[in-house]
Amino acid sequence: MKIATFNVNGIKSRLPNLLEWLQREQPDVACLQELKALDGVFPQAELREAGYHALWKGQRSWNGVAILTRGGEAVEIRRELPGDPGDEQSRYLEAAVDGIVVACLYLPNGNPQPGPKFDYKLSWFERLLQHAQALWRSRHPVVMAGDWNVVPTDFDIYNPRSWRKDALLQPESRACWERLLGQGWTDAIRKLHPQEAIYTFWDYFRQHWEKNSGLRIDHLLLSDELSSCLQAAGVDTWVRGQPHASDHAPTWVQLDLGRLAGRPR
DNA sequence: ATGCCTTGTACAACAAGA
């Protein structure tokens with residue numbers, strides 16, 4: 001099973017790019033972020049035509065997440081990250097797909113920092129830590145996939161100097177990430193490619209794509225059960241080089257679910 | 001220190017992204 005995460009940066013404007021990627025790479029599950037669209041204009045029919053069922057949670061102008069599945073339909077588990085009923089930003093969607101729990105998340109950017117947006121980022125991350133702990137203890141096979149807006153280490157960015165004050169590199173953001181790994185989760189890309197500079201985002205400024213000046217901020221974290229199923233992980237960088245591309249590239253894992261305990265081979 | 005570029009909203013110019 002191939003599970004991917006892709007920050008599309010506007011699903012209406014990005015639909016041709018999204019459809020081309022789905023057709024070429026055929027992910028079984030695709031977690032999308034930054035739909036930037038209300039629920040009513042989500043391109044359900046076009047995606048259905050391409051062979052994908054969808055769950056989505058939109059919002060006007062900003063945020064918005066979706067889970068696409070090929071073959072079986074995803075069964076929605078929750079549409080909000082627990083812990084703050086007053087949080088109205090569409091950043092979390094969780095579903096069961098073929099016996100796996102898929103959490104699609106869009107962690108707040110947090111800039112400028114310090115300030116209220118950075119406070120929101122950290123409090124959102126605290127809520128995620130709480131919920132991740134519950135998911136871990138459930139012992140279900142879980143993948144948490146999305147745009148985490150965290151550059152885990154200085155190895156995950158082309159040059160940390162000019163980003164030192166950015167919310168994505170702050171020690172507080174990285175400490176939350178480390179605490180998550182401390183719960184036991186596997187950072188799939190790093191597990192399989194420990195020595196390789198791998199990026200998932202290249203901003204639109206300063207010809208950063210052309211110079212490969214990227215950041216690794218889109219991540220897939222695997223629970224214990226799923227980490228033993230991990231066969232391959234990568235980034236579909238060709239998508240970033242297409243005309244009219246998102247500033248993120250799809251990031252994915254290939255899992256051999258036959259290795260799950262209790263499953264027929 | 002700021003803009004760089006892009007999207008959405010709405011139709012000018014700003015908010016937000018990272």
For A:Asn149, answer base if it contacts any base atom (sugar-phosphate contacts may also be present), sugar-phosphate if it contacts only those atoms, and nothing otherwise; contact means non-hydrogen atoms under 4.0 Å. sugar-phosphate
Pairwise P distance for B:dT6 and B:dA10, with rounding to whole Å: 23 Å
Under 4.0 Å between a side-chain N or O of A:Asn9 and OP1 or OP2 of B:dA18? no
If a pair means Watson-Crick or G-U wobble with both distances below 3.5 Å, what does DNA chain B look like in dot-bracket form, with | marking bases paired to a different strand? ....(((((...))))).
Out of B:dA1, B:dA18, B:dT9, minimum distance to the side chain of A:Lys165 belongs to B:dA1
Send over the distance from A:Asn109 CG to B:dA15 P, rounded to a whole Å. 16 Å
note: A:Glu34, atom CD; B:dC5, atom C1'; distance rounded to Å ~ 14 Å
Residue closer to the 5' end of DNA chain B, A:Asn111 versus A:Gln59 (nearest nucleotide): A:Gln59
From CG of A:Asp166 over to P of B:dA1, roughly how many Å is that when rounded to an integer? 14 Å
Determine: side-chain N/O of A:Lys36 to OP1/OP2 of B:dA16, distance under 4.0 Å, yes or no. no
Any A:Pro112 side-chain heavy atom under 4.5 Å of A:Lys165 side chain: no
Residue-phosphate contact under 4.0 Å: A:Tyr120 side-chain N/O, B:dA16 OP1/OP2: no
At under 4.0 Å, does any side-chain N or O of A:Lys117 touch on OP1 or OP2 of B:dA15? no
What's the CD-P distance between A:Gln33 and B:dT7, to the nearest Å? 17 Å
Have A:Glu25 and A:Trp238 got a donor and an acceptor in their side chains that come within less than 3.5 Å? yes
Tell me: CD of A:Gln170 to C1' of B:dA18, nearest whole Å? 13 Å
So what does A:Asp147 hit on the nucleic acid, given a heavy-atom distance under 4.0 Å: a base, only sugar-phosphate, or nothing? sugar-phosphate
Return the nearest nucleotide to the side chain of A:Ser13; candidates are B:dT7, B:dA18, B:dA1. B:dT7
Separation between the P atoms of B:dA1 and B:dC11, rounded to whole Å: 35 Å
Of the candidates B:dA15, B:dT7, B:dC4, the side chain of A:Phe205 sits closest to B:dC4
Counting only side-chain N and O atoms of A:His248, is one of them less than 4.0 Å from OP1 or OP2 of B:dG17? no
Roughly how many Å is it from CZ in A:Arg14 to P in B:dG17, rounded to a whole number? 16 Å
Among B:dA18, B:dT7, B:dG8, which nucleotide sits nearest the side chain of A:His244? B:dT7
Protein-nucleotide distance (A:Asn63, atom CG; B:dA15, atom P), rounded to Å: 17 Å
Could you walk me through whether A:Arg127 and A:Asp87 pass the salt bridge (charged side-chain N to carboxylate O under 4.0 Å, His left out) test, one step at a time? CA-CA 11 Å; A:Arg127 287 162 58 202; A:Asp87 184 358; 2.8 Å; yes
Just so I know, are the side chains of A:Glu94 and A:Leu135 near enough to count as touching, which here means a heavy-atom distance under 4.5 Å? yes
Answer with yes or no whether the side chains of A:Trp124 and A:Tyr106 bring together a donor and an acceptor at under 3.5 Å. no
How close or far is atom P of B:dT6 from atom CZ of A:Arg240, stated in whole angstroms? 9 Å
Hey, which sits more toward the 5' end of DNA chain B by its nearest nucleotide, A:Trp62 or A:Lys12? A:Lys12
Is A:Val8 reachable from A:Tyr204 through a run of I, L, V, M, F, W or Y residues, each pair having side-chain heavy atoms under 4.5 Å apart? no
Can you identify which nucleotide, out of B:dA18, B:dA16, B:dG8, has its nearest atom closest to the A:Trp163 side chain? B:dA18
Per-pair stack call A:Tyr204 and B:dT6, 5.5 Å, 30°: no
Given side chains that start at C-beta, do those of A:Arg91 and A:Lys57 come closer than 4.5 Å, heavy atoms only? no
Provide the distance between the two P atoms, one in B:dA12 and one in B:dG17, to the nearest whole Å. 26 Å
Can you check the distance between B:dG8 and B:dA18, where both ends of the measurement are the P atom (answer in whole Å)? 14 Å
Exactly one of A:Val143, A:Asp187, A:Val142, A:Ile3 should register a side-chain contact (heavy atoms from CB on, under 4.5 Å) with A:Leu222. Which one does? A:Val143
side-chain N/O A:His208 vs B:dC4 OP1/OP2, d < 4.0 Å: no
Pairing of A:Arg70 and A:Asp28 as salt bridge, 4.0 angstrom limit: yes
